[in-house]
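Below is one structure, written out as C-alpha coordinates, with a few remarks after it.
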Protein chains: 2
Amino acid sequence: MDIRCICLGVLTLGDKTGYEIKKHFERAFKHFFVAGFGSIYPALSELTGDGLVTCTDVAQDKRPHKKVYRITPKGRERLMDALLNTPPRHKVRSEFVVLLYFAHLLPPERLAELLDERARDIEESLRTIDHFEQQAHPSPSREMVAGLGRAALKAQLDFIGERRDWLLSEIGDYQRIRTPSRLPAQDKQPEAPSRAD
Amino acid sequence: MDIRCICLGVLTLGDKTGYEIKKHFERAFKHFFVAGFGSIYPALSELTGDGLVTCTDVAQDKRPHKKVYRITPKGRERLMDALLNTPPRHKVRSEFVVLLYFAHLLPPERLAELLDERARDIEESLRTIDHFEQQAHPSPSREMVAGLGRAALKAQLDFIGERRDWLLSEIGDYQRIRTPSRLPAQDKQPEAPSRAD
DNA sequence: CAAAGCATGTAATCGGTTACATGATTGT
DNA sequence: ACAATCATGTAACCGATTACATGCTTTG
(Lines give C-alpha, C1' and ligand atoms only; values in the text may rest on other atoms or scores of the structure.)
Protein backbone atom coordinates (compact mmCIF):
# COMPACT_ATOMS: atom_id res chain seq x y z
CA MET A 1 0.00 0.00 0.00
CA ASP A 2 1.47 3.31 -0.99
CA ILE A 3 0.65 6.91 -0.30
CA ARG A 4 -1.71 7.15 -3.24
CA CYS A 5 -4.01 4.68 -1.57
CA ILE A 6 -3.96 6.53 1.71
CA CYS A 7 -4.80 9.78 -0.02
CA LEU A 8 -7.79 8.07 -1.57
CA GLY A 9 -8.82 6.86 1.85
CA VAL A 10 -8.62 10.30 3.40
CA LEU A 11 -10.59 11.76 0.47
CA THR A 12 -13.34 9.32 1.43
CA LEU A 13 -13.91 11.53 4.47
CA GLY A 14 -14.54 14.62 2.34
CA ASP A 15 -12.88 16.70 -0.35
CA LYS A 16 -9.49 18.08 0.58
CA THR A 17 -6.38 19.84 -0.63
CA GLY A 18 -2.96 18.21 -0.46
CA TYR A 19 -2.13 20.42 2.47
CA GLU A 20 -5.25 19.33 4.34
CA ILE A 21 -4.60 15.66 3.61
CA LYS A 22 -1.22 15.95 5.19
CA LYS A 23 -2.61 17.71 8.24
CA HIS A 24 -5.33 15.13 8.53
CA PHE A 25 -3.13 12.15 8.72
CA GLU A 26 -0.58 13.94 10.76
CA ARG A 27 -3.21 14.23 13.42
CA ALA A 28 -4.72 10.81 12.80
CA PHE A 29 -1.66 8.56 12.45
CA LYS A 30 1.46 10.63 12.76
CA HIS A 31 3.02 8.00 15.03
CA PHE A 32 2.06 5.11 12.75
CA PHE A 33 2.68 6.47 9.29
CA VAL A 34 4.70 9.40 8.01
CA ALA A 35 4.53 11.21 4.71
CA GLY A 36 5.77 14.57 3.60
CA PHE A 37 4.61 16.97 0.92
CA GLY A 38 7.29 15.53 -1.31
CA SER A 39 5.30 12.30 -1.54
CA ILE A 40 1.77 13.64 -1.30
CA TYR A 41 1.77 16.19 -4.08
CA PRO A 42 3.20 13.85 -6.71
CA ALA A 43 0.77 11.16 -5.53
CA LEU A 44 -2.18 13.47 -6.10
CA SER A 45 -0.95 14.35 -9.59
CA GLU A 46 -0.75 10.70 -10.48
CA LEU A 47 -4.19 9.99 -9.06
CA THR A 48 -5.59 12.84 -11.14
CA GLY A 49 -3.87 11.52 -14.23
CA ASP A 50 -5.40 8.09 -13.65
CA GLY A 51 -8.88 9.51 -13.15
CA LEU A 52 -9.09 8.28 -9.56
CA VAL A 53 -9.62 11.80 -8.23
CA THR A 54 -10.74 15.07 -9.76
CA CYS A 55 -9.01 18.34 -9.08
CA THR A 56 -10.60 21.79 -8.83
CA ASP A 57 -8.57 24.96 -8.72
CA VAL A 58 -9.86 27.40 -6.15
CA ALA A 59 -8.65 30.97 -5.96
CA GLN A 60 -8.71 32.62 -2.56
CA ASP A 61 -7.95 36.12 -1.51
CA LYS A 62 -5.47 36.68 1.29
CA ARG A 63 -4.42 33.03 0.85
CA PRO A 64 -2.52 31.13 -1.82
CA HIS A 65 -4.71 29.45 -4.42
CA LYS A 66 -5.51 25.84 -3.69
CA LYS A 67 -6.42 22.61 -5.44
CA VAL A 68 -9.31 20.69 -4.00
CA TYR A 69 -9.35 16.97 -4.72
CA ARG A 70 -12.40 14.70 -4.80
CA ILE A 71 -12.44 10.94 -5.14
CA THR A 72 -14.21 9.49 -8.20
CA PRO A 73 -16.20 6.23 -8.38
CA LYS A 74 -13.21 4.69 -10.14
CA GLY A 75 -11.08 5.90 -7.25
CA ARG A 76 -13.41 4.23 -4.77
CA GLU A 77 -13.11 0.97 -6.65
CA ARG A 78 -9.35 1.17 -6.58
CA LEU A 79 -9.40 1.99 -2.89
CA MET A 80 -11.66 -0.96 -2.07
CA ASP A 81 -9.37 -3.20 -4.05
CA ALA A 82 -6.37 -2.02 -2.06
CA LEU A 83 -8.24 -2.23 1.24
CA LEU A 84 -9.25 -5.82 0.57
CA ASN A 85 -5.91 -7.04 -0.69
CA THR A 86 -3.22 -5.18 1.24
CA PRO A 87 -1.53 -7.40 3.78
CA PRO A 88 -1.51 -5.70 7.20
CA ARG A 89 2.20 -4.99 7.52
CA HIS A 90 3.66 -3.13 10.43
CA LYS A 91 7.24 -2.03 10.12
CA VAL A 92 9.31 -0.22 12.65
CA ARG A 93 12.66 1.38 12.02
CA SER A 94 14.00 2.59 15.29
CA GLU A 95 17.41 4.07 15.41
CA PHE A 96 16.69 4.77 19.04
CA VAL A 97 16.48 1.05 19.82
CA VAL A 98 19.64 0.34 17.88
CA LEU A 99 21.43 2.99 19.89
CA LEU A 100 20.03 1.43 23.03
CA TYR A 101 21.30 -1.98 22.00
CA PHE A 102 24.79 -0.53 21.87
CA ALA A 103 24.34 1.32 25.15
CA HIS A 104 27.47 -0.31 26.58
CA LEU A 105 29.56 1.67 24.08
CA LEU A 106 28.00 4.99 25.01
CA PRO A 107 29.01 7.56 27.60
CA PRO A 108 26.33 7.56 30.32
CA GLU A 109 25.40 11.20 29.68
CA ARG A 110 24.69 10.39 26.06
CA LEU A 111 22.59 7.39 27.07
CA ALA A 112 20.59 9.50 29.51
CA GLU A 113 20.06 12.12 26.85
CA LEU A 114 18.78 9.50 24.42
CA LEU A 115 16.32 8.05 26.89
CA ASP A 116 15.04 11.44 27.93
CA GLU A 117 14.66 12.64 24.37
CA ARG A 118 12.72 9.52 23.44
CA ALA A 119 10.49 9.98 26.48
CA ARG A 120 9.75 13.55 25.44
CA ASP A 121 8.91 12.44 21.91
CA ILE A 122 6.50 9.85 23.21
CA GLU A 123 4.84 12.37 25.48
CA GLU A 124 4.35 14.69 22.57
CA SER A 125 2.80 11.92 20.49
CA LEU A 126 0.44 11.12 23.33
CA ARG A 127 -0.62 14.75 23.47
CA THR A 128 -1.25 14.71 19.72
CA ILE A 129 -3.52 11.72 20.10
CA ASP A 130 -5.52 13.25 22.93
CA HIS A 131 -5.84 16.48 21.07
CA PHE A 132 -7.09 14.80 17.89
CA GLU A 133 -9.59 12.70 19.78
CA GLN A 134 -11.11 15.78 21.34
CA GLN A 135 -11.53 17.77 18.18
CA ALA A 136 -12.45 15.14 15.57
CA HIS A 137 -15.90 13.69 15.95
CA PRO A 138 -15.64 10.22 17.32
CA SER A 139 -15.96 7.04 15.28
CA PRO A 140 -15.10 3.47 16.21
CA SER A 141 -12.14 3.34 13.80
CA ARG A 142 -10.70 6.59 15.12
CA GLU A 143 -11.09 5.44 18.68
CA MET A 144 -9.42 2.17 17.86
CA VAL A 145 -6.43 3.78 16.16
CA ALA A 146 -6.09 6.33 18.93
CA GLY A 147 -6.37 3.66 21.59
CA LEU A 148 -3.82 1.43 19.95
CA GLY A 149 -1.36 4.27 19.62
CA ARG A 150 -1.90 5.33 23.20
CA ALA A 151 -1.44 1.79 24.47
CA ALA A 152 1.80 1.21 22.57
CA LEU A 153 3.28 4.58 23.41
CA LYS A 154 2.28 4.58 27.04
CA ALA A 155 3.77 1.12 27.55
CA GLN A 156 7.08 2.34 26.15
CA LEU A 157 7.04 5.52 28.16
CA ASP A 158 6.31 3.65 31.39
CA PHE A 159 9.00 1.13 30.63
CA ILE A 160 11.58 3.83 30.03
CA GLY A 161 10.49 5.58 33.22
CA GLU A 162 10.80 2.41 35.27
CA ARG A 163 14.17 1.30 33.91
CA ARG A 164 15.99 4.50 33.11
CA ASP A 165 18.00 4.72 36.31
CA TRP A 166 18.56 1.00 36.52
CA LEU A 167 20.02 0.91 33.01
CA LEU A 168 22.22 3.90 33.64
CA SER A 169 23.73 2.35 36.75
CA GLU A 170 24.13 -1.09 35.18
CA ILE A 171 25.88 0.39 32.17
CA GLY A 172 28.09 2.41 34.47
CA ASP A 173 29.10 -0.75 36.37
CA TYR A 174 29.73 -2.63 33.15
CA GLN A 175 31.99 0.06 31.79
CA ARG A 176 33.89 0.38 35.06
CA ILE A 177 34.63 -3.35 34.97
CA ARG A 178 35.76 -3.31 31.36
CA THR A 179 37.88 -0.18 31.77
CA PRO A 180 39.34 -0.09 35.27
CA SER A 181 42.21 2.19 34.27
CA ARG A 182 41.97 5.59 32.63
CA LEU A 183 42.25 4.23 29.07
CA PRO A 184 39.20 4.98 26.96
CA ALA A 185 37.37 1.81 25.91
CA GLN A 186 37.62 2.36 22.17
CA ASP A 187 41.40 2.14 22.22
CA LYS A 188 41.30 -1.53 23.03
CA GLN A 189 42.20 -4.14 20.43
CA PRO A 190 39.28 -5.89 18.74
CA GLU A 191 38.28 -8.90 20.81
CA ALA A 192 39.05 -12.40 19.78
CA PRO A 193 36.33 -14.00 17.69
CA SER A 194 33.75 -15.41 20.02
CA ARG A 195 30.93 -17.86 19.57
CA ALA A 196 29.34 -16.49 22.70
CA ASP A 197 26.43 -15.15 20.74
CA MET B 1 22.13 5.93 10.74
CA ASP B 2 22.31 3.38 8.00
CA ILE B 3 22.91 -0.33 7.87
CA ARG B 4 26.65 0.09 7.61
CA CYS B 5 26.71 1.55 11.10
CA ILE B 6 24.62 -1.25 12.52
CA CYS B 7 26.90 -3.85 10.97
CA LEU B 8 29.81 -2.15 12.68
CA GLY B 9 27.91 -2.28 15.93
CA VAL B 10 27.19 -5.98 15.65
CA LEU B 11 30.83 -6.65 14.75
CA THR B 12 31.71 -5.06 18.08
CA LEU B 13 30.27 -8.20 19.67
CA GLY B 14 32.64 -10.48 17.77
CA ASP B 15 33.70 -11.35 14.22
CA LYS B 16 30.88 -12.44 11.98
CA THR B 17 29.85 -13.27 8.44
CA GLY B 18 27.13 -11.33 6.65
CA TYR B 19 24.80 -14.22 7.20
CA GLU B 20 25.47 -14.25 10.93
CA ILE B 21 25.03 -10.50 11.21
CA LYS B 22 21.60 -10.78 9.71
CA LYS B 23 20.66 -13.63 12.03
CA HIS B 24 21.96 -11.69 14.97
CA PHE B 25 19.90 -8.65 14.52
CA GLU B 26 16.92 -10.62 13.42
CA ARG B 27 16.91 -12.13 16.87
CA ALA B 28 17.91 -8.98 18.65
CA PHE B 29 15.71 -6.33 17.01
CA LYS B 30 13.63 -7.93 14.32
CA HIS B 31 10.57 -5.98 15.50
CA PHE B 32 12.44 -2.68 15.68
CA PHE B 33 14.63 -2.74 12.62
CA VAL B 34 14.57 -4.79 9.45
CA ALA B 35 17.27 -5.41 6.89
CA GLY B 36 17.68 -8.00 4.20
CA PHE B 37 20.73 -9.54 2.59
CA GLY B 38 20.25 -7.10 -0.24
CA SER B 39 21.34 -4.30 2.07
CA ILE B 40 23.80 -6.13 4.29
CA TYR B 41 26.14 -7.60 1.71
CA PRO B 42 26.67 -4.36 -0.19
CA ALA B 43 27.13 -2.57 3.14
CA LEU B 44 29.91 -4.96 4.12
CA SER B 45 31.65 -4.47 0.77
CA GLU B 46 31.61 -0.73 1.25
CA LEU B 47 32.89 -1.02 4.80
CA THR B 48 35.73 -3.21 3.56
CA GLY B 49 36.54 -0.72 0.82
CA ASP B 50 36.69 2.08 3.37
CA GLY B 51 38.96 0.10 5.69
CA LEU B 52 36.41 0.06 8.50
CA VAL B 53 36.34 -3.74 8.58
CA THR B 54 38.65 -6.47 7.34
CA CYS B 55 37.44 -9.50 5.49
CA THR B 56 38.85 -13.04 5.65
CA ASP B 57 37.82 -15.73 3.25
CA VAL B 58 37.26 -19.05 5.00
CA ALA B 59 36.78 -22.28 3.09
CA GLN B 60 34.65 -24.92 4.74
CA ASP B 61 33.90 -28.45 3.69
CA LYS B 62 30.29 -29.55 3.53
CA ARG B 63 29.34 -25.86 3.68
CA PRO B 64 29.67 -22.94 1.30
CA HIS B 65 32.76 -20.79 1.78
CA LYS B 66 32.25 -17.77 3.97
CA LYS B 67 33.67 -14.32 4.55
CA VAL B 68 34.37 -13.39 8.13
CA TYR B 69 34.39 -9.68 8.91
CA ARG B 70 36.23 -7.97 11.74
CA ILE B 71 35.96 -4.34 12.79
CA THR B 72 39.15 -2.24 12.58
CA PRO B 73 40.19 0.59 14.91
CA LYS B 74 39.14 3.03 12.19
CA GLY B 75 35.79 1.24 12.13
CA ARG B 76 35.42 1.70 15.86
CA GLU B 77 36.09 5.38 15.52
CA ARG B 78 33.46 5.69 12.84
CA LEU B 79 31.00 3.73 14.93
CA MET B 80 31.57 5.92 17.99
CA ASP B 81 31.05 8.97 15.84
CA ALA B 82 27.72 7.63 14.59
CA LEU B 83 26.67 6.52 18.06
CA LEU B 84 27.33 9.94 19.49
CA ASN B 85 25.72 11.95 16.73
CA THR B 86 22.76 9.97 15.46
CA PRO B 87 19.47 11.45 16.60
CA PRO B 88 17.29 8.75 18.19
CA ARG B 89 14.60 8.49 15.54
CA HIS B 90 11.80 6.02 15.79
CA LYS B 91 9.69 5.58 12.69
CA VAL B 92 6.71 3.36 12.25
CA ARG B 93 5.05 2.55 8.97
CA SER B 94 1.98 0.54 9.71
CA GLU B 95 -0.29 -0.39 6.87
CA PHE B 96 -2.24 -2.31 9.46
CA VAL B 97 -3.16 0.87 11.30
CA VAL B 98 -4.09 2.62 8.08
CA LEU B 99 -6.39 -0.25 7.24
CA LEU B 100 -7.85 0.00 10.70
CA TYR B 101 -8.47 3.70 10.27
CA PHE B 102 -10.61 2.86 7.24
CA ALA B 103 -12.36 0.01 9.03
CA HIS B 104 -15.76 1.52 8.25
CA LEU B 105 -15.17 0.77 4.57
CA LEU B 106 -14.27 -2.86 5.19
CA PRO B 107 -16.47 -5.96 5.29
CA PRO B 108 -16.52 -7.21 8.91
CA GLU B 109 -14.91 -10.54 7.97
CA ARG B 110 -11.99 -8.73 6.45
CA LEU B 111 -11.64 -6.55 9.53
CA ALA B 112 -11.70 -9.58 11.80
CA GLU B 113 -9.07 -11.26 9.65
CA LEU B 114 -6.83 -8.18 9.87
CA LEU B 115 -7.07 -7.97 13.63
CA ASP B 116 -6.43 -11.67 14.09
CA GLU B 117 -3.49 -11.68 11.72
CA ARG B 118 -1.94 -8.75 13.51
CA ALA B 119 -2.47 -10.46 16.85
CA ARG B 120 -0.71 -13.57 15.56
CA ASP B 121 2.21 -11.52 14.27
CA ILE B 122 2.60 -9.85 17.63
CA GLU B 123 2.50 -13.17 19.43
CA GLU B 124 5.22 -14.46 17.18
CA SER B 125 7.39 -11.43 17.84
CA LEU B 126 6.92 -11.92 21.57
CA ARG B 127 8.05 -15.52 21.24
CA THR B 128 11.12 -14.37 19.31
CA ILE B 129 12.02 -12.00 22.12
CA ASP B 130 11.63 -14.63 24.84
CA HIS B 131 13.63 -17.08 22.83
CA PHE B 132 16.48 -14.68 22.26
CA GLU B 133 16.60 -13.67 25.91
CA GLN B 134 16.99 -17.28 26.95
CA GLN B 135 19.81 -18.16 24.62
CA ALA B 136 21.89 -15.00 24.46
CA HIS B 137 23.81 -14.22 27.58
CA PRO B 138 22.19 -11.38 29.39
CA SER B 139 23.41 -7.81 29.36
CA PRO B 140 21.68 -4.62 30.49
CA SER B 141 21.30 -3.29 26.91
CA ARG B 142 19.84 -6.57 25.68
CA GLU B 143 17.42 -6.70 28.57
CA MET B 144 16.38 -3.13 27.94
CA VAL B 145 15.72 -3.68 24.24
CA ALA B 146 13.89 -6.92 24.92
CA GLY B 147 11.83 -5.33 27.66
CA LEU B 148 10.91 -2.34 25.55
CA GLY B 149 9.82 -4.56 22.69
CA ARG B 150 7.84 -6.78 25.00
CA ALA B 151 6.12 -3.81 26.63
CA ALA B 152 5.12 -2.20 23.33
CA LEU B 153 3.97 -5.42 21.72
CA LYS B 154 2.12 -6.73 24.73
CA ALA B 155 0.21 -3.47 25.12
CA GLN B 156 -0.93 -3.67 21.52
CA LEU B 157 -1.88 -7.31 21.79
CA ASP B 158 -3.90 -6.72 24.95
CA PHE B 159 -5.60 -3.74 23.39
CA ILE B 160 -6.59 -5.70 20.31
CA GLY B 161 -7.84 -8.52 22.51
CA GLU B 162 -9.94 -6.16 24.61
CA ARG B 163 -11.45 -4.21 21.76
CA ARG B 164 -11.73 -6.71 18.92
CA ASP B 165 -15.35 -7.68 19.44
CA TRP B 166 -16.42 -4.18 20.40
CA LEU B 167 -14.96 -2.75 17.19
CA LEU B 168 -16.53 -5.44 15.05
CA SER B 169 -19.98 -4.79 16.45
CA GLU B 170 -19.62 -1.00 16.28
CA ILE B 171 -18.50 -1.17 12.67
CA GLY B 172 -21.39 -3.50 11.91
CA ASP B 173 -23.86 -1.01 13.41
CA TYR B 174 -22.29 1.87 11.58
CA GLN B 175 -22.51 0.12 8.25
CA ARG B 176 -26.12 -0.94 8.86
CA ILE B 177 -27.10 2.68 9.50
CA ARG B 178 -25.32 4.00 6.45
CA THR B 179 -26.68 1.24 4.16
CA PRO B 180 -30.17 0.28 5.35
CA SER B 181 -31.18 -1.11 1.94
CA ARG B 182 -29.36 -3.72 -0.08
CA LEU B 183 -27.29 -1.22 -2.07
CA PRO B 184 -23.55 -1.62 -1.54
CA ALA B 185 -22.02 1.43 0.10
CA GLN B 186 -19.48 2.15 -2.61
CA ASP B 187 -22.19 2.87 -5.17
CA LYS B 188 -23.15 6.04 -3.37
CA GLN B 189 -22.19 9.42 -4.76
CA PRO B 190 -19.21 11.10 -3.15
CA GLU B 191 -20.36 13.12 -0.18
CA ALA B 192 -20.59 16.86 -0.25
CA PRO B 193 -17.41 18.55 0.92
CA SER B 194 -17.52 18.72 4.66
CA ARG B 195 -15.62 20.76 7.17
CA ALA B 196 -16.52 18.19 9.77
CA ASP B 197 -12.95 17.19 10.15
C1' DC C 1 9.55 42.05 14.06
C1' DA C 2 9.91 37.19 13.73
C1' DA C 3 7.86 32.91 13.45
C1' DA C 4 4.35 29.99 12.12
C1' DG C 5 0.77 28.90 9.02
C1' DC C 6 -1.16 28.55 4.36
C1' DA C 7 -0.17 26.49 -0.18
C1' DT C 8 2.10 24.15 -4.13
C1' DG C 9 5.47 22.04 -6.57
C1' DT C 10 10.21 19.98 -8.73
C1' DA C 11 14.69 17.66 -8.93
C1' DA C 12 18.38 15.16 -7.09
C1' DT C 13 19.68 11.82 -4.28
C1' DC C 14 19.72 8.02 -1.45
C1' DG C 15 18.75 3.78 0.28
C1' DG C 16 16.01 -0.37 0.53
C1' DT C 17 13.27 -4.20 -1.39
C1' DT C 18 12.71 -7.67 -4.73
C1' DA C 19 14.02 -10.77 -7.93
C1' DC C 20 17.42 -13.36 -9.89
C1' DA C 21 21.37 -16.74 -9.73
C1' DT C 22 23.69 -20.93 -7.50
C1' DG C 23 24.16 -25.16 -4.92
C1' DA C 24 25.40 -28.54 -1.28
C1' DT C 25 23.70 -30.48 3.20
C1' DT C 26 20.77 -31.60 6.93
C1' DG C 27 16.55 -32.40 9.14
C1' DT C 28 11.36 -33.97 8.81
C1' DA D 1 11.16 -36.25 -1.17
C1' DC D 2 10.84 -31.56 0.36
C1' DA D 3 11.85 -27.79 3.10
C1' DA D 4 15.03 -25.35 5.53
C1' DT D 5 19.70 -23.89 6.52
C1' DC D 6 24.04 -22.29 5.14
C1' DA D 7 26.17 -18.77 2.14
C1' DT D 8 27.06 -14.91 -1.17
C1' DG D 9 26.17 -11.68 -4.37
C1' DT D 10 24.11 -8.36 -8.43
C1' DA D 11 20.88 -5.42 -10.86
C1' DA D 12 16.68 -3.14 -11.50
C1' DC D 13 13.31 -0.74 -9.60
C1' DC D 14 10.75 1.91 -6.57
C1' DG D 15 9.64 5.08 -3.39
C1' DA D 16 10.80 8.42 0.06
C1' DT D 17 13.45 12.24 1.97
C1' DT D 18 15.64 16.51 1.28
C1' DA D 19 16.56 20.70 -0.52
C1' DC D 20 15.20 24.17 -3.33
C1' DA D 21 11.87 27.79 -4.96
C1' DT D 22 8.09 31.29 -3.81
C1' DG D 23 5.33 34.52 -1.16
C1' DC D 24 1.43 36.41 1.48
C1' DT D 25 -1.01 36.53 6.14
C1' DT D 26 -1.74 35.88 10.81
C1' DT D 27 -0.28 35.45 15.46
C1' DG D 28 2.75 36.23 19.31
Side-chain angles (χ1 to χ4, degrees), chain A residues 1-7 15-27 29-30 32-49 53 55-69 82 86-87 89-95 98 131 195 197, chain B residues 1-7 15-27 29-30 32-50 53 55-69 82 86-87 89-95 98 195 197:
Chain A
M1 186 169 41
D2 54 16
I3 291 176
R4 266 177 276 117
C5 168
I6 300 174
C7 288
D15 299 350
K16 286 187 173 47
T17 66
Y19 193 85
E20 286 168 337
I21 290 174
K22 196 197 174 217
K23 300 230 84 182
H24 184 93
F25 69 65
E26 226 162 54
R27 285 180 295 135
F29 9 97
K30 202 190 169 195
F32 280 127
F33 204 101
V34 283
F37 290 124
S39 347
I40 293 171
Y41 286 126
L44 289 169
S45 304
E46 283 170 46
L47 289 172
T48 310
V53 300
C55 172
T56 316
D57 244 88
V58 177
Q60 303 177 108
D61 54 57
K62 313 209 170 182
R63 292 248 163 266
H65 84 284
K66 59 181 179 178
K67 291 185 171 181
V68 178
Y69 293 92
T86 303
R89 289 193 205 139
H90 183 94
K91 275 187 206 167
V92 184
R93 188 184 184 81
S94 177
E95 295 175 0
V98 173
H131 189 239
R195 290 288 85 233
D197 191 15
Chain B
M1 185 172 35
D2 56 15
I3 291 177
R4 265 176 278 116
C5 166
I6 300 173
C7 287
D15 299 351
K16 286 188 176 41
T17 67
Y19 193 85
E20 286 168 338
I21 290 173
K22 193 191 177 224
K23 302 231 83 184
H24 184 93
F25 70 64
E26 226 161 55
R27 286 180 293 134
F29 13 94
K30 201 190 168 194
F32 278 127
F33 203 102
V34 282
F37 289 124
S39 347
I40 294 171
Y41 286 126
L44 289 169
S45 303
E46 283 170 49
L47 289 172
T48 309
D50 294 347
V53 301
C55 172
T56 317
D57 245 86
V58 177
Q60 303 178 111
D61 54 56
K62 313 212 172 183
R63 291 251 164 265
H65 83 283
K66 60 182 181 179
K67 291 184 170 180
V68 178
Y69 294 91
T86 303
R89 289 194 204 140
H90 183 95
K91 276 187 205 167
V92 184
R93 188 185 184 81
S94 177
E95 296 175 0
V98 174
R195 290 287 89 236
D197 191 14

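Any value given below was found using the heavy atoms of this structure, including those in side chains, with hydrogens, waters and symmetry copies removed. Each chain gets a letter, A, B and so on, in the order its sequence line appears, and its residues count up from 1.
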By salt bridge (Lys or Arg N to Asp or Glu O under 4.0 Å) - contacts of A/K22 (at least two apart): A/E26

Do any side-chain nitrogens or oxygens of [X] fall under 4.0 Å of OP1 or OP2 in [N]?
X: A/T17; N: C/dC6; value: no
X: A/Q60; N: C/dC6; value: no
X: A/R93; N: C/dG16; value: yes

If you look at every heavy atom in [X] and [Y], which pair is closest and at what distance?
X: B/A35; Y: B/I40; result: O-CD1, 4.2 Å
X: A/M1; Y: B/R93; result: O-NH2, 4.4 Å
X: B/C7; Y: B/L47; result: CB-CD1, 4.0 Å

Give, for atom CD1 of A/I21 and atom OH of A/Y41, the distance between the pair rounded to the nearest 0.5 Å. 9.0 Å

With rounding to the nearest 0.5 Å, note down the distance linking CZ in A/F25 to NZ in A/K16. 12.0 Å

For [X] and [N], what is the distance between atoms [atom1] and [atom2] respectively, to the nearest whole Å?
X: A/K91; N: C/dT17; atom1: NZ; atom2: C1'; answer: 7 Å
X: A/D57; N: C/dT8; atom1: CG; atom2: P; answer: 9 Å
X: A/K16; N: C/dC6; atom1: NZ; atom2: P; answer: 14 Å
X: B/E95; N: C/dT17; atom1: CD; atom2: C1'; answer: 13 Å
X: B/D2; N: C/dT17; atom1: CG; atom2: C1'; answer: 16 Å

Touch check for [X], heavy atoms < 4.0 angstrom, all strands: base, sugar-phosphate only, or nothing?
X: B/G18; value: sugar-phosphate
X: A/Y69; value: sugar-phosphate
X: A/K23; value: sugar-phosphate

List the protein contact pattern of nucleotides 21-28 of chain C with one symbol per nucleotide (5' to 3'): B for base contact, S for sugar-phosphate-only contact, - for none; contact means a heavy-atom distance under 4.0 Å. --B-SS--

Proximity to DNA chain D (any heavy atom under 4.0 Å), residues of residues 39-46 of chain A only: A/S39

For a 4.5 angstrom cut-off between non-hydrogen side-chain atoms, does A/L44 reach A/C55? no

Option among B/R89, B/H90, B/K91 that satisfies the side-chain hydrogen bond (donor to acceptor under 3.5 Å, both in side chains) test with A/S94: B/H90

Chain A contact limits on DNA chain D, taken 5' to 3' with a cut-off of 4.0 angstrom to heavy atoms: D/dA16 to D/dT26

For side chain to side chain contact (heavy atoms under 4.5 Å, CB included), just list the numbers for B/K67 and B/T17, CA-CA rounded to whole Å, side-chain angles, deciding distance to a tenth of an Å, and then say yes or no. CA-CA 6 Å; B/K67 291 184 170 180; B/T17 67; 5.9 Å; no

Mind checking whether B/F37 and B/Y19 have parallel, tilted or perpendicular rings, split at 30° and 60°? parallel

Test log, rule side chain to side chain contact (heavy atoms under 4.5 Å, CB included), inputs A/F29 and A/I6: CA-CA 11 Å; A/F29 9 97; A/I6 300 174; 4.1 Å; yes

Residues forming a side-chain hydrogen bond (donor to acceptor under 3.5 Å, both in side chains) with B/R4, sequence neighbours excluded: B/D2, B/E46

Find the bend of the helix from C/dC1-D/dG28 to C/dT28-D/dA1 as the angle between its two terminal axes (five pairs each), to the nearest 10°. 70°

Which sits closer to the 5' end of DNA chain D, B/K67 or A/F37, going by the nucleotide each is nearest to? B/K67

